[in-house]
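Since the structure comes first, as structure tokens, the remarks are kept for the end.
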Amino acid sequence: MTGHSRQARSQGIRAAIYARFSSENQRDASIEDQVRVCRALALREGWEVAETFTDYAVSGASTLRPGYQALLGAMRAGTIQVVISESLDRLSRDQEHVAGLFKQASFAGVRIVTQSEGEVSELHIGLKGTMGALYLKDLADKTRRGLEGRVRQGRSGGGVSYGYRIVRGPIDRNGEFERGLREIDPTQAEVVRRIFRDYAAGVSAIRIAHRLNKEGIASPRGGAWAPSAIVGNRHKGTGILNNRLYVGELVWNQRRWIKDPATGRRVARDNEAGAVVTQEVPELRIVDQSDWDRVRARQAAMDKAEGASSPGEANPFWAKQRPKFLFSGLMRCGLCGGGYSKSSATHFSCSVARNQGETGCTNRLTIRQDKLEGTVIGALRERLMDPDVFAVFVEAFTEEWNRLQGERSAVLAQQQGELARVERQLEKLVDALAEGAPVSTVKDRMVALEARREELKAAMAESKAPAPRLHPNLAQVYRRKVAELADALAREDGAEVREQLRGLVEAVRLIPEEGTLRVEVRGALAAVLALGNEAQNAKNPSVMAGVLVSQIKMDAGTGFEPVTFRL
């Protein structure tokens with residue numbers, strides 16, 4: 001086929017170009033080269049390049065790429081007929097993702113054409129997908145091997161810990177600066193020593209963080225200090241107090257990261273002890289051994305007091321319990337947006353204000369757990385149990401429900417009656433044939449009746465049997481259930497009920513105003529409380545029906561309006 005005839009056949013075909021380079025190849029020119037090659041291919045085929053999608057420095061093992069997702073959107077929208085890429089592994093290196101992309105393209109009627117493979121088929125999907133997966137595994141193995149070699153030479157295998165700074169090393173045989181060299185940062189090192197001394201002397205991590213913040217000393221991430229950055233998790237080696245590099249021990253490969261196929265997020269898993277590499281680097285020691293040992297002793301004493309039962313379990317009781325309180329984890333400070341957490345046996349307070357001091361938040365107001373829960377549970381009981389309101393509601397609801405069910409019953413009865421008539425008419429026609437009536441006389445009528453019989457049977461099969469009609473005493477039943485709900489929420493053993501109610505709450509905002517807290521409940525529970533509140537102000541069926549309709553029509557995109565309490 002000549003080039004002219006090929007272009008005539010391809011006229012009007014809209015193509016999209018996709019280009020990507022991964023983080024191990026930080027070169028913008030790579031994108032330009034890929035696009036240039038793809039445009040040349042489109043020109044040869046006579047295709048119109050409608051769109052170009054790119055992803056810079058993003059791994060091909062993930063589908064969470066802006067350009068890639070935009071390409072999928074164009075495919076689904078039907079705005080393109082061809083996808084052009086330099087090679088299949090530019091689109092994805094994950095075998096499952098490659099197969100998924102090919103399925104979506106086939107469904108949308110979109111062809112995938114690459115400079116390397118030509119038009120992609122099922123054969124390419126199996127072969128190239130496997131090769132891409134093997135490439136990723138080989139790359140990971142080589143990277144891990146290189147990092148291990150660097151660590152065994154006393155070089156860093158990762159980021160820069162607080163207290164150190166990067167040193168640009170000499171140029172190696174590949175023409176690049178040697179990586180992994182670190183040296184002590186004197187200013188930050190003194191902060192590290194101070195943290196160890198204070199904690200070993202019995203100062204809490206919260207107080208240490210407050211002092212550092214008041215003095216304007218930046219945290220490892222440049223912002224305010226939080227206690228978690230200091231104490232971390234000693235069994236995982238996180239936090240200032242648990243970094244063994246401060247005593248001249250470089251530890252590498254304690255954990256590995258595995259991608260969860262369901263969410264696409266990476267999850268940390270502890271490696272076996274034999275895979276962990278420890279290298280002595282005495283030149284990087286910052287903390288005296290005596291301070292290190294005193295901190296370890298205090299941590300062990302605190303673990304014992306908290307009931308830890310194994311070296312890998314710092315606080316098993318709290319880790320295994322469901323939220324003990326109704327709104328645990330849902331309360332937010334209305335001033336800074338931080339969480340409200342337990343600060344005493346009975347009170348909650350702003351975590352940011354407690355951990356970072358006034359530099360983080362000035363809201364020092366606390367709230368009693370029992371008062372907050374009692375107010376909300378009391379509102380449920382009060383607003384949802386008004387007998388006059390819900391007697392009217394249940395009466396109107398029951399009447400409408402029974403009317404609809406009656407209509408459904410009438411339709412079903414009508415269909416059953418017609419089916420019986422059709423069956424009788426067919427029997428009569430069969431008898432007429434048996435008595436010698438001409439076939440031509442009854443044939444068309446029999447065909448029509450048989451067709452109608454099948455239609456009626458299909459319609460009746462799809463129809464659901466009418467639900468039982470509601471009892472007129474539903475109002476009393478409802479009020480009893482609301483009372484039981486309120487009682488169950490208030491009981492100590494009502495954890496399961498509280499967990500169900502938590503699912504109706506999006507957030508509880510605690511807003512300081514004039515020395516007191518204004519509480520905003522957001523989520524579906526707010527709609528329930530608002531419904532009860534509005535219904536109490538509407539003592540006639542028509543107004544109440546309007547309340548119900550307005551609640552049902554609430555725009556889900558903007559969420560439920562909050563309900564406010566003053567404590």
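The shown structure was predicted, so the numbers you read here are calculated from the model rather than taken from an experiment. Below, each value reflects all heavy atoms present in this structure, side chains not excepted, and no hydrogens, waters or symmetry copies. We count residues from 1, following the sequence as given.
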(message) Holding to side chain to side chain donor-acceptor pair (under 3.5 Å), I want the full list of residues that pass it with Glu358, two or more places apart in sequence or in another chain.
(response) none
(request) Measure the shortest side-chain to side-chain distance between Ser92 and Arg65 over non-hydrogen atoms and say whether it is less than 4.5 angstrom. (result) yes
(message) Measuring from atom CG of Leu510 to atom OG1 of Thr516, what distance do you get when rounded to the nearest 0.5 angstrom?
(response) 11.5 Å
(message) Suppose we screen for salt bridge (Lys or Arg N to Asp or Glu O under 4.0 Å). Which residues come up paired with Glu183, at least two apart in sequence or across chains?
(response) Arg165
(request) Heavy atoms only: give me the nearest Arg332-Gly339 pair and the separation to one decimal. (result) NH1-CA, 3.9 Å
(request) Would you please name every residue forming a salt bridge (Lys or Arg N to Asp or Glu O under 4.0 Å) with Asp185, sequence neighbours left out? (result) none
(message) I'd like to know if the side chain of Arg298 and the backbone of Tyr199 have a donor-acceptor N/O pair within less than 3.5 Å.
(response) yes
(message) Nearest 0.5 Å, please: how far is CG in Leu365 from CG in Leu335?
(response) 9.5 Å
(request) Please name all residues satisfying salt bridge (Lys or Arg N to Asp or Glu O under 4.0 Å) with Arg509, sequence neighbours left out, ordered by chain then number. (result) Glu520
(message) How close do Val352 and Gly338 get, counting heavy atoms only, and between which atoms?
(response) CG2-CA, 3.9 Å
(message) If the condition is side chain to side chain donor-acceptor pair (under 3.5 Å), which residues does Arg76 pass it with, not counting sequence neighbours?
(response) Gln104
(request) Given side chain to side chain contact (heavy atoms under 4.5 Å, CB included), test Leu212 with Ile195 step by step and report yes or no. (result) CA-CA 9 Å; Leu212 295 174; Ile195 290 173; 4.1 Å; yes
Distance-only donor-acceptor hits, side chain of residues 239-248, under 3.5 Å, sequence neighbours excluded:
{"from": "Asn242", "atom 1": "OD1", "to": "Arg296", "atom 2": "NH2", "distance (Å)": "3.1"}
{"from": "Asn242", "atom 1": "OD1", "to": "Gln299", "atom 2": "NE2", "distance (Å)": "3.0"}
{"from": "Asn242", "atom 1": "ND2", "to": "Val231", "atom 2": "O", "distance (Å)": "2.7"}
{"from": "Asn242", "atom 1": "ND2", "to": "Thr238", "atom 2": "O", "distance (Å)": "2.6"}
{"from": "Asn243", "atom 1": "OD1", "to": "Leu245", "atom 2": "N", "distance (Å)": "3.0"}
{"from": "Asn243", "atom 1": "ND2", "to": "Ser161", "atom 2": "OG", "distance (Å)": "3.2"}
{"from": "Arg244", "atom 1": "NE", "to": "Glu249", "atom 2": "OE1", "distance (Å)": "3.0"}
{"from": "Arg244", "atom 1": "NH2", "to": "Glu249", "atom 2": "OE1", "distance (Å)": "2.9"}
{"from": "Tyr246", "atom 1": "OH", "to": "Tyr162", "atom 2": "O", "distance (Å)": "2.6"}

(message) To the nearest 0.5 Å, what is the distance between CD1 on Ile230 and CZ on Phe196?
(response) 10.5 Å
(message) Quiz question: by atom type and distance under 3.5 Å, do the side chains of Ser349 and Ser343 form a donor-acceptor pair?
(response) yes
(message) Arg193: which residues meet the side-chain contact (heavy atoms from CB on, under 4.5 Å) condition with it, sequence neighbours left out?
(response) Ala189, Glu190, Arg197, Ile286
(message) According to side chain to side chain donor-acceptor pair (under 3.5 Å), who are the partners of Ser351, at least two apart in sequence or on a separate chain?
(response) Ser341
(message) If you apply the rule side chain to side chain contact (heavy atoms under 4.5 Å, CB included), what do you find for Ile511 with Leu517, and how did you get there?
(response) CA-CA 5 Å; Ile511 306 167; Leu517 286 174; over 6 Å; no
(request) Working to the nearest 0.5 Å, report the span between OH of Tyr340 and NE2 of His347. (result) 11.0 Å
(message) Quick check: closest heavy atoms across Ala353 and Cys361, and the distance to 0.1 Å?
(response) CB-O, 3.4 Å
(request) Sequence neighbours left out, what pairs pass side chain to side chain donor-acceptor pair (under 3.5 Å) with at least one residue falling in residues 272-289? (result) Arg285-Gln289, Gln289-Asp293
(request) Scan residues 203-226 for pairs that pass side chain to side chain donor-acceptor pair (under 3.5 Å), counting only residues two or more places apart or in two chains. (result) Arg194-Glu215
(message) Ring centres under 6.0 Å, that's the criterion: do Phe21 and Tyr56 meet it?
(response) yes
(message) For Ala297, give me all partners under side-chain contact (heavy atoms from CB on, under 4.5 Å), at least two apart in sequence or on another chain.
(response) none
(request) Output the distance between atom CE (Met331) and atom CZ (Phe348), rounded to the nearest 0.5 Å. (result) 4.0 Å
(message) Within the structure provided, determine whether Ile166 and Leu181 are in side-chain contact (heavy-atom separation under 4.5 Å).
(response) no
(request) Only counting residues at least two apart or in another chain, list the ones meeting side-chain contact (heavy atoms from CB on, under 4.5 Å) with Arg294. (result) Ala200, Ala201, Asp291
(request) Decide yes or no for Val287 and Val295: does some side-chain heavy atom of the first lie under 4.5 Å from some side-chain heavy atom of the second? (result) no
(request) Over all heavy atoms of both residues, which pair between Tyr164 and Leu284 is shortest? Give the atoms and the distance, please. (result) OH-O, 2.7 Å
(request) Calculate, to the nearest 0.5 Å, the distance between atoms CZ and CZ belonging to Arg354 and Arg364 respectively. (result) 8.5 Å
